[in-house]
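Notes to accompany the following structure.
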Protein chains: 2
Amino acid sequence: MNNSKPVRPELRERVMKVVEETGFQPNAVARSLVNKETRIIGVMIPDISNNFYSNLIYGIDSVISEYDYSLFLAISDEVVEKELKFLRLFKEKQLDGVIMASIHFLEGHFQQLQEIQVPLVVTGHDLPGYNIPTVNINNVQASYDATAYLIAQGHQKIACISGPLWDPPCGLDRLGGYRKAMRAHGLDIHDGFMQEGEFTAKSGYEAMRKIWEESIRPTAVFVATDLMAVGVLNFLHDQGVRVPEDVSVMGFDDLEMASLTRPMLSTVHNDPYMYGRAAAEQILKQLRNEPVERMSIVPHDLVIRQSVCVIGK
Amino acid sequence: MNNSKPVRPELRERVMKVVEETGFQPNAVARSLVNKETRIIGVMIPDISNNFYSNLIYGIDSVISEYDYSLFLAISDEVVEKELKFLRLFKEKQLDGVIMASIHFLEGHFQQLQEIQVPLVVTGHDLPGYNIPTVNINNVQASYDATAYLIAQGHQKIACISGPLWDPPCGLDRLGGYRKAMRAHGLDIHDGFMQEGEFTAKSGYEAMRKIWEESIRPTAVFVATDLMAVGVLNFLHDQGVRVPEDVSVMGFDDLEMASLTRPMLSTVHNDPYMYGRAAAEQILKQLRNEPVERMSIVPHDLVIRQSVCVIGK
DNA sequence: ATGAAAGCGCTAACAA
DNA sequence: TTGTTAGCGCTTTCAT
């Protein structure tokens, strides 16, 4: 008996003794079948080897484990069929809720979601027009702030290495914030100062090479992800260009490695752990039938280290 | 019907139509209850934000997902009570198998394991004297090889920053390999040349400071983890000491960041992804009642980059 | 306060 | 080949 009813102490003891003797172990599967509750949350991410997602998971786990929920992990590798398959699997396994991180939504996803009817929170993407709770940073604003900071340090010739354009958050939004800031301050963007990277350090390295081959050279670069920024730092290092004296570099994400580079990288603090916590809280609210916010914005801030310097007029 | 019996096509179609119409979704919980199989593997790790473990998970997932198993994740934070709790939970949830990574085993663990009787594989620790399948690198041999490599480059005054001594793999074993190599080559170890770090970059930084304050200075340092090695690199950088010209540095783990530092870190390649794959294969073997190896050693190799140089006599 | 019985959704064994 | 039934281990309801 799980304290669901009053029991005479005598009987209780007798039961406990038998439990001890027979080595009784409760079976959560049977319990789930009748309770219609597994106390398991499904989490779908594109890539576990990416530190961002592992910290997201850490955040999620840190709150759900408080409430005796556990974590079922699905790694989609960005393969649409797997994503759809996992969604079905989540339903079959009767998971109580689902958190999807940075999944590129297509028509099929919405359809599948419609069918399975499971409490859901999406993080890393905005879903304008859909009634699905999301948790995200304001990428446009954060990039705007980063660029504006560069401008405030006196920079005018500022380049930008964005994520791939098919990725709304790192491609579109972060590039958008940069452009918006440049425009707002009446600054021109030189042709070739906007390069598209592909998330890897190597792609940052190459993108910076392209920028460096332009007729005009920037005095500062805003890079949409830290990993690419490390590539930029390395390119500059290999060229014998000093950072920040010759070129300032501003990253985005504040990965662990951002404070381990020399010079240490100034960047936008983007806290996947907090995303995870926020997403988990939204899911838990749904499970308790409490009202949930349609979109939660997690705050960002600039972390100023060594890779940006003030420039004279 | 799941193709378990021959069915007349006509009936099959009729059933399929109803399935379509009613939007039938199978319930894996009920199925698990009767089949006594959940097709879920539990994975227990101390820390998900550590890139090592996320890649381990990636490796595990890459093989189990092939066989339609999924992943239940338990993050223990190195808290013994949580570890024990998760073990019980694994049993309650009737997971088909369990992989435990780098869990420091105590008496209670073996006892709990005894009670729950679940297919198990342990990785990251050797369990001499217990009949539990393990998957691990040969830490002693790998450290020996790394140190021997330093010696082969002409170094004789070699320091070592090990992991904490309470951690057998990174503390005892890796330090042991270093000492063994020094002894085998008839080299003395100066007092104060063996420092104990605590896994973090900062602790590597501090450990290197202590070594640097010794009366004699080493020409090379073997650091038991890359993260600490980055701390060492940074200390040396901050002191204006050139690597590798003044001091050579050898790491261990081959984290992603090892190839992103300047100079790029020479290190021992330690592939958590392969650990994961190997561990998963051992678990799968158990589930198929195939014989399993008592301990599988995953091979290591030296990756030579820029942080070690040849030294003259 | 305690015991007995029904039923969660499925599969396997049986009968038709 | 098809339909029926028992039972997996639990919780809940209903008698006792």
Side-chain angles (χ1 to χ4, degrees), chain A residues 1-42 67-70 72 85-98 112 115-119 287-289, chain B residues 1-42 67-70 72 85-98 112 115-119 287-289:
Chain A
M1 297 228 171
N2 313 312
N3 296 324
S4 50
K5 280 189 178 176
V7 186
R8 190 147 42 90
E10 179 194 313
L11 199 243
R12 161 169 243 105
E13 257 180 60
R14 199 148 50 87
V15 170
M16 289 319 240
K17 217 176 74 190
V18 177
V19 167
E20 282 286 307
E21 283 169 5
T22 60
F24 171 82
Q25 309 266 135
N27 181 328
V29 173
R31 182 179 296 158
S32 293
L33 184 59
V34 12
N35 285 351
K36 280 144 177 9
E37 169 191 75
T38 52
R39 296 199 88 79
I40 300 179
I41 305 292
Y67 298 92
D68 285 314
Y69 282 89
S70 323
F72 182 102
K85 202 195 71 182
F86 280 134
L87 247 22
R88 203 170 336 112
L89 193 65
F90 287 166
K91 181 61 177 189
E92 282 189 20
K93 301 246 189 235
Q94 313 293 118
L95 305 192
D96 293 345
V98 170
Q112 184 86 262
E115 283 176 27
I116 67 175
Q117 289 290 359
V118 95
L287 299 184
R288 298 193 206 102
N289 287 314
Chain B
M1 296 226 170
N2 312 314
N3 297 324
S4 50
K5 280 188 180 181
V7 187
R8 191 147 41 89
E10 180 194 311
L11 199 242
R12 162 170 241 103
E13 258 182 58
R14 201 147 50 87
V15 170
M16 288 320 239
K17 217 177 73 189
V18 178
V19 167
E20 282 286 305
E21 282 169 5
T22 60
F24 169 83
Q25 310 266 135
N27 182 329
V29 173
R31 181 179 296 157
S32 294
L33 184 57
V34 11
N35 285 350
K36 284 147 174 7
E37 168 190 76
T38 53
R39 297 201 85 80
I40 300 178
I41 305 292
Y67 298 91
D68 285 312
Y69 282 88
S70 324
F72 182 102
K85 202 195 71 182
F86 280 134
L87 248 21
R88 201 170 338 112
L89 192 66
F90 286 166
K91 180 62 176 187
E92 282 189 20
K93 301 245 188 237
Q94 313 292 120
L95 305 192
D96 293 345
V98 169
Q112 185 86 263
E115 282 176 27
I116 67 176
Q117 288 291 358
V118 97
L287 299 184
R288 298 193 206 103
N289 286 314

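Throughout, protein chains are lettered first and strands after them, A, B, ... in sequence-line order, and every chain is numbered starting at 1. All values below come from the heavy atoms of this structure, side chains included, with hydrogens, waters and symmetry mates left out.
- Here Glu20(B) contributes atom CD and Glu13(B) contributes atom CD; the two are 12.0 Å apart, rounded to the nearest 0.5 Å.
- In this structure, Lys91(A) places its NZ atom 12 Å from P of dC10(C), rounding to the nearest Å.
- Take Glu10(B) and apply the side chain to side chain donor-acceptor pair (under 3.5 Å) test, not counting sequence neighbours, and it matches Arg8(B).
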Please enumerate all protein N or O atoms sitting under 3.5 Å from an N or O of nucleotides 6-8 of chain C, with distances to 0.1 Å.
from   : atom 1 : to       : atom 2 : distance (Å)
dC8(C) : O3'    : Lys36(A) : NZ     : 3.1

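- At distances below 3.5 Å, not a single donor-acceptor pair connects side-chain atoms of Lys36(A) with backbone N or O atoms of Gln94(A).
- In Glu21(B), the CD atom is crowded: over 12 heavy atoms of neighbouring residues, nucleotides or ligands sit closer than 6.0 Å.
- Taking the nucleotide of DNA chain D with the nearest heavy atom to each of Ala28(A) and Arg14(B), the more 5' of the two is matched to Arg14(B).
- Note on Gln25(A): only backbone sugar-phosphate atoms sit closer than 4.0 angstrom, heavy atoms only; bases stay farther off.
- Distance, Asn35(B) CG to dG9(D) C1': 14 Å, rounded to whole Å.
- The CD atom of Glu92(A) sits 13 Å away from the C1' atom of dG9(C) (whole-angstrom rounding).
- Here Phe90(A) pairs with Phe72(A) under the ring pair (Phe, Tyr, Trp, His ring centres under 6.0 Å) rule; sequence neighbours left out.
- DNA chain D forms stems at C:1-14 with D:3-16, each a run of 3 or more consecutive Watson-Crick or G-U wobble pairs whose two key distances fall under 3.5 Å.
- Between the side chain of Arg39(A) and the main chain of Tyr67(A), a donor-acceptor pair closer than 3.5 Å is present.
- Qualifying side chain to side chain donor-acceptor pair (under 3.5 Å) partners for Asn27(B), counting only residues two or more places apart in sequence or in other chains: none.
- Among the nucleotides dC10(C), dT1(D), dT2(C), the one closest to the side chain of Leu11(A) is dT2(C).
- Residues forming a side-chain contact (heavy atoms from CB on, under 4.5 Å) with Lys91(B) (at least two apart in sequence, or on another chain): Gln25(A), Ile116(B).
- For Arg31(A) and dG9(D), the shortest distance from a side-chain N or O to OP1 or OP2 is not below 4.0 Å.
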